[in-house]
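Working notes, beginning with the structure itself.
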Amino acid sequence: MQAVNQIRLNREHKEICEFDWSDKVETYNIDEMCACYNNQSTCIQFHPHSCKCDDSATTPETWSKFSHDIIYRAEREKMASINLRVLINSILSDTAEDLRLQCDTVNLAFSKCCEELENAKQKLQHHLNRTLREISDQEKNIASLKQAIKDKETPLKVAQTRLYQRAKRSNVELCRDAVQFRLTSEVEELNMSIQALKDKLLESEQALRNLEDTRMILEKEISVKANSLLIDRQKCMAHRTRYPTILRLAGYQ
């Protein structure tokens, strides 16, 4: 607002100076023409009322004071413009310096954020690698359990077949002898062992599903972190390398 007001005052005094200058140029030309008149001039003639002086005519003192006042006011506005320009330049320089400092602060924050993202991404990657190893171990464990169950099913078939065949013994030969007890005990032990292996297999399969869910979550988080790094480093930081200089921020090319 100060600058706009000063421009307005400058233009007003510029017009005043131009009007006064125009009057003085016109007066100078008239006086120069008058100085050329002499008794031999052909363009001279009588002007009976020329001696009558206009009431609005000024005196040399008022003329001098008027011209001096115009010049004084013009110089005053000129000095005010110079002082205002100095103030504006100072404000622009301070603002440009503040912007530059803020830019450095933001760049530092960007660097810190990128470093934190990189560390988080590396930790997630390390956790993912460990999860993948655990998935591989769990898959091997499941395969071993299935094989162990399959290995115990054959002896169970043998024992149950023996019991089935021995149940066909006739009359008093259908005896609950030691063999019968041992076969029954063997079948029970095999059933318990197979059931325990199946329970362990269910636990392992559930653990594998949990590990797969964890793997998907980790991969998604790593993708998010990688995308954030791409935005901050290659897009935002790349643009900020072209941040204007202090001179350009202050309005100077």
Side-chain angles (χ1 to χ4, degrees), residues 1-21 69-139 206-253:
M1 291 300 295
Q2 284 181 284
V4 170
N5 186 57
Q6 187 60 52
I7 291 173
R8 181 181 59 80
L9 292 174
N10 289 345
R11 286 176 176 171
E12 289 178 358
H13 285 281
K14 173 178 173 290
E15 291 179 359
I16 293 173
C17 288
E18 287 177 345
F19 285 139
D20 189 54
W21 173 81
D69 290 344
I70 289 178
I71 294 174
Y72 173 76
R73 287 195 298 269
E75 289 292 335
R76 183 182 62 188
E77 298 305 330
K78 177 182 176 183
M79 186 56 63
S81 297
I82 293 173
N83 294 333
L84 186 58
R85 283 204 305 273
V86 172
L87 177 61
I88 291 173
N89 287 336
S90 176
I91 293 173
L92 289 174
S93 297
D94 292 342
T95 304
E97 183 67 26
D98 292 341
L99 287 172
R100 190 70 246 184
L101 291 175
Q102 184 63 29
C103 174
D104 295 338
T105 302
V106 173
N107 287 342
L108 183 62
F110 260 117
S111 299
K112 184 178 179 182
C113 180
C114 290
E115 183 178 354
E116 292 174 353
L117 285 172
E118 185 66 36
N119 291 335
K121 180 172 173 289
Q122 289 179 358
K123 290 179 180 178
L124 289 170
Q125 187 64 49
H126 176 72
H127 194 23
L128 176 62
N129 293 336
R130 189 174 63 183
T131 302
L132 291 174
R133 288 194 298 270
E134 291 178 359
I135 289 175
S136 177
D137 294 340
Q138 198 64 258
E139 288 174 344
Q206 182 60 44
L208 179 60
R209 287 192 291 270
N210 294 337
L211 287 171
E212 290 290 348
D213 292 339
T214 302
R215 177 184 64 83
M216 292 178 62
I217 293 172
L218 289 172
E219 288 177 347
K220 183 177 180 180
E221 286 297 321
I222 290 173
S223 176
V224 170
K225 293 292 186 293
N227 184 61
S228 297
L229 281 171
L230 173 67
I231 293 173
D232 286 350
R233 277 183 176 170
Q234 300 185 20
K235 293 185 177 180
C236 293
M237 292 297 289
H239 283 296
R240 294 187 67 80
T241 56
R242 298 189 292 272
Y243 198 80
T245 63
I246 292 181
L247 286 177
R248 292 195 61 186
L249 287 172
Y252 300 106
Q253 296 296 333

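Quick note: numbers below take in every heavy atom, side chains included, and nothing from hydrogens, waters or symmetry partners.
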### Message
Within the supplied structure, the quantity of interest is the number of heavy atoms (other residues, nucleotides, ligands) at a distance under 6.0 Å from Gln2 CD; does it exceed 12?
### Response
no
### Message
Restricting to side chain to side chain contact (heavy atoms under 4.5 Å, CB included), what partner residues turn up for His126, sequence neighbours left out?
### Response
none
Sidechain-backbone polar pair: [X] side chain, [Y] backbone, donor-acceptor under 3.5 Å:
X: Asn227; Y: Ser223; value: no
X: Asn5; Y: Met1; value: no
X: Asn89; Y: Arg85; value: yes
X: Thr214; Y: Asn210; value: yes

### Query
Charged N to carboxylate O below 4.0 Å: is that the case for Glu15 and Arg11?
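Looking at Glu15 and Arg11, the cut-off is not met.
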### Sequence neighbours excluded, every pair satisfying side chain to side chain donor-acceptor pair (under 3.5 Å) that has a member inside residues 71-81
Gln6-Glu77, Gln6-Ser81, Asn10-Ser81
Pairs under 3.5 angstrom only: tabulate donor-acceptor contacts from the side chains of residues 108-121 to other protein residues two or more places apart or in another chain.
residue : atom : partner : partner atom : Å
Ser111  : OG   : Asn107  : O            : 3.0
Glu118  : OE2  : Gln122  : NE2          : 3.4
Asn119  : ND2  : Glu115  : O            : 3.3

### Message
side chain to side chain contact (heavy atoms under 4.5 Å, CB included), that's the test. Do Ile222 and Lys225 meet it? Break it down for me.
### Response
CA-CA 5 Å; Ile222 290 173; Lys225 293 292 186 293; 5.7 Å; no
### Query
Which pair of non-hydrogen atoms, one from Glu221 and one from Leu124, has the smallest distance, and what is that distance?
CB-CD1, 3.7 Å
### Query
Below 4.5 Å, heavy atoms only, C-beta onward: do Arg8 and Glu12 meet side chain to side chain?
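Side-chain contact under 4.5 Å: yes.
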